[in-house]
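Please read the structure below before turning to the comments.
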Amino acid sequence: MRGRSDGTQKRRIITYLCVVAIFLGFLYAYYGSIFGSQSHGASAIEYGSRSLRKLGYLGGDDETDGKQESSTKLFGQEDGEDEITPKSFPVCDDRHSELIPCLDRHLIYQMRLKLDLSLMEHYERHCPPLERRYNCLIPPPSGYKIPIKWPKSRDEVWKANIPHTHLAHEKSDQNWMVVKGERIEFPGGGTHFHYGADKYIASIASMLNFSNSNLNNEGRLRTVLDVGCGVASFGAYLLSSDIIAMSLAPNDVHQNQIQFALERGIPAYLGVLGTKRLPYPSRSFELAHCSRCRIDWLQRDGILLLELDRLLRPGGYFAYSSPEAYAQDEEDLRIWREMSALVGRMCWRIAEKRNQTVIWQKPLTNDCYHSREPGTLPPLCKSEDDPDAVWGVPMEACINPYSEHDHRVKGSGLAPWPERLTAPPPRLADFGYSNDMFEKDTETWRKRVESYWDLLSPKIESNTLRNIMDMKANMGSFAAALKTKDVWVMNVVPEEGPNTLKLIYDRGLIGTVHSWCEAFSTYPRTYDLLHAWTIFSDLEKKECSPEDLLIEMDRILRPTGFIIIRDKRSVVDFVKKYLTALHWEAVATSGSDSDQDGDDVVFIIQKKLWLTSESLRDTE
């Protein structure tokens, strides 16, 4: 009995030791893989200067708690110990190749944000706090190629650059897109215009009795908002008529639609009609369009239609193609009756209704608003409401009446396109700007852009650039100077400065409001050129990290794309420290080209094409 007991005890000890060994081996494998991947930069979790300091990639003190150090130290204007700068940044996992930090559904789940899904709050911007930001460079997907050039890109893109084909299968009967070998082709169809956007656009122009069935109406219709745009074929086919559309869609079940639009070289923006105002000023668009955009326009006292009303110019149109406009079943008829009653109280009238489309028109003056019965809903907005305040501002279920000027002149008073590009906008007076100031600004930027292209000329051809972003657009004169180029410009007006975006729209250009302390609402690799005029100097006034901005600019920029930094010398010296870590290379540097530029330095950078080892293995 004693021998048996000893044998059993030995077996128990051996079993116990084996279990412990296996457990320790598991711990080693698990934590070893984590630390190993971090040491190789494969799975960095955070993104920002605070995180980089913790990881040892940046100099600085953790006691700053993520706040920016004094600007003088950041941009090298103070004598003292030099900051440590990284030789490389970590590279995000391949699963982050399409990361949009402020529109990241995984972040919403992880932070357990309590959002109302019925109001589309989960498709609105929710930016990560400092401790959850990524500090890694976004890698291109496996097999990534330099995008096809415009205008060919309107009709086809590389499948490897956006490896998502579910829309081609889901919308196969609607001609959204077709997969053909290594390419994805876009026949120009849509949910409501299977046989081509060009024919559909001509039919809308015909409904409005515009000459030659041209929707631009001899230059009087220039800016369009396409809500629920799909892959933006409607906006793509408007361009040939000298009409520019802001194609808008959320990162929803058709989650790559805006990515396809931008890859094609079509103006587009990730956004949703939810609870916040869209980031565009009042009276920005001559036409709003919805083709089966699946929006409940009757919800919350018509608040979404009232948002469109805020955005439409006096006499602007809303083209609505949806079953409610033509179907005869009981539910569609109910919706049609209620929508008709609502827009009637909003003083819209039916301009034309034909087949499956209805076009409403907004009034030119305040007369109809003042003639409504007392207590009519929706009410007029309060006089203190600023219809141009949009950054994070909740929508209001009210009508914004026109200013006395617009009411008196019965319209926007804008010149037709292309004259309006250089004609002083009527709303200049809102800022106390004179016509002379406007004309001088236009001429200054014409000369500056001419100088930029001289510096870029050894590196670019006529079709190298298509999608351009002006990160601080002011009055839009940078974009205006590019009119002869086959490009489009996303004009960004920083939210903390004068809200000059309405001047940009009045010039027939498009853009958005944004804070450069946060990530922009776009996919990675969507712009060919970023123009950063004093953006970094502006960060000196805020508790925002210039390192974060550099990494965000890298995320937005396509491989082989360019950055033009126009700022003071100390900023340029600061950026130069990070070129190697960001896989960027200097192209040209130039001093100020006139007395009014002061100490401005122009620094042009090109982003290199690089692939992760995983991507290279997959490609092979």
Flag the pair Tyr269 / Tyr280 as yes when at least one side-chain heavy-atom distance between them is below 4.5 Å, and no otherwise. yes

Is it the case that Tyr433 and Thr500 place a side-chain donor and acceptor less than 3.5 Å from each other? no

Go through it in stages, so that I can follow the logic: the residues are Arg313 and Glu286, the test is salt bridge (charged side-chain N to carboxylate O under 4.0 Å, His left out), and I'd like the CA-CA distance, side-chain angles, deciding distance and then a yes or no. CA-CA 6 Å; Arg313 299 195 194 278; Glu286 277 94 15; 2.8 Å; yes

May I ask you to say whether Asp506 pairs ionically with Arg420, meaning some side-chain N is under 4.0 Å from a carboxylate O? no

Flag the pair Arg569 and Asp600 as a salt bridge only when some basic side-chain nitrogen lies within less than 4.0 angstrom of an acidic carboxylate oxygen. no

For the pair Glu443 and Arg446, find out whether any cationic side-chain nitrogen is under 4.0 Å from an anionic carboxylate oxygen. yes

Can you tell which of Trp150, Tyr527, Trp488 makes a side-chain hydrogen bond (donor to acceptor under 3.5 Å, both in side chains) with Asn467? Trp488

Set out, in order, the CA-CA distance, both residues' side-chain angles and the distance that settles side chain to side chain contact (heavy atoms under 4.5 Å, CB included) for Met469 and Val492, then state yes or no. CA-CA 7 Å; Met469 179 186 290; Val492 180; 3.9 Å; yes

Geometric cation-pi criterion, Arg566 with Trp533: 6.0 Å, 45°: no

Set out, in order, the CA-CA distance, both residues' side-chain angles and the distance that settles side chain to side chain contact (heavy atoms under 4.5 Å, CB included) for Arg525 and Asn161, then state yes or no. CA-CA 9 Å; Arg525 303 173 301 279; Asn161 291 7; over 6 Å; no

Selection residues 455-535 - residue pairs positive for disulfide bond (SG atoms under 2.5 Å apart), sequence neighbours left out: Cys517-Cys544

Value rounded to 0.5 Å, distance of OH in Tyr144 from OG in Ser97: 11.0 Å

For Asp567 and Ser537, test the side chains for any donor-to-acceptor distance below 3.5 angstrom and give the result as yes or no. yes

Heavy-atom side-chain contact between Pro546 and Phe574 under 4.5 Å: yes

Yes or no on side chain to side chain contact (heavy atoms under 4.5 Å, CB included) for Glu263 and Arg558, after CA distance, side-chain angles and deciding distance? CA-CA 10 Å; Glu263 185 75 8; Arg558 286 173 168 172; 4.0 Å; yes

Is a salt bridge present between Lys472 and Asp538, judged by a nitrogen-to-oxygen distance below 4.0 Å? yes

Less than 6.0 angstrom from the centroid, inside 45 degrees of the normal: does Lys576 satisfy that with respect to the ring of Phe603? yes

Is the shortest distance from a Lys or Arg side-chain nitrogen in Arg555 or Glu98 to a carboxylate oxygen in the other one below 4.0 Å? no

Does a donor on one side chain sit under 3.5 Å from an acceptor on the other, for Arg125 and Ser521? yes

Just checking, any donor-acceptor pair under 3.5 angstrom between side chains of Tyr578 and Glu547? yes

Considering only heavy atoms from C-beta outward, does the side chain of Ser291 approach that of Phe234 to under 4.5 Å? no

Face-on cation placement of Lys145 at Trp158 ring, 6.0 Å and 45° thresholds: yes

Lys/Arg N to Asp/Glu carboxylate O, Glu307 vs Arg310, below 4.0 Å: yes

With a cut-off of 6.0 Å (strictly less than), are more than 12 heavy atoms of other residues, nucleotides or ligands near CD of Glu419? yes

Below 4.0 angstrom, N of the basic side chain to O of the carboxylate: do Lys180 and Glu156 qualify? no

Can we say Asp406 and Arg283 salt-bridge, meaning some charged N sits less than 4.0 Å from an Asp/Glu carboxylate O? yes

Rounded distance (nearest 0.5 Å) linking atom CD of Gln606 with atom CD1 of Ile563: 10.5 Å

If the plane angle is over 60° it's perpendicular, under 30° parallel, otherwise tilted; pick one for Phe478 and Tyr452. tilted

Output for pair (Asp528 CG, Lys607 NZ), nearest 0.5 Å, gives 11.5 Å

Under the criterion salt bridge (charged side-chain N to carboxylate O under 4.0 Å, His left out), which of Arg154, Lys149, Arg466, Lys152 is the partner of Asp486? Arg466

Student check: side-chain heavy atoms of His531 and Ile468 closer than 4.5 Å: no

Could you tell me if Ser282 and Asn400 have a donor-acceptor pair between their side chains, going purely by distance under 3.5 Å? no

Should Phe520 and Cys102 be marked as a side chain to side chain contact (heavy atoms under 4.5 Å, CB included) after you check the CA-CA gap, both sets of side-chain angles, and the distance that decides it? CA-CA 8 Å; Phe520 193 77; Cys102 294; over 6 Å; no

Cut-off 3.5 Å, side chains only: do Asn216 and Ser241 have a donor facing an acceptor? no

So does Glu496 pair up with Lys542, basic N to acidic O under 4.0 Å? yes

Looking at CD1 of Ile201 and NE2 of His289, how far apart are the two atoms once the value is rounded to the nearest 0.5 Å? 8.0 Å

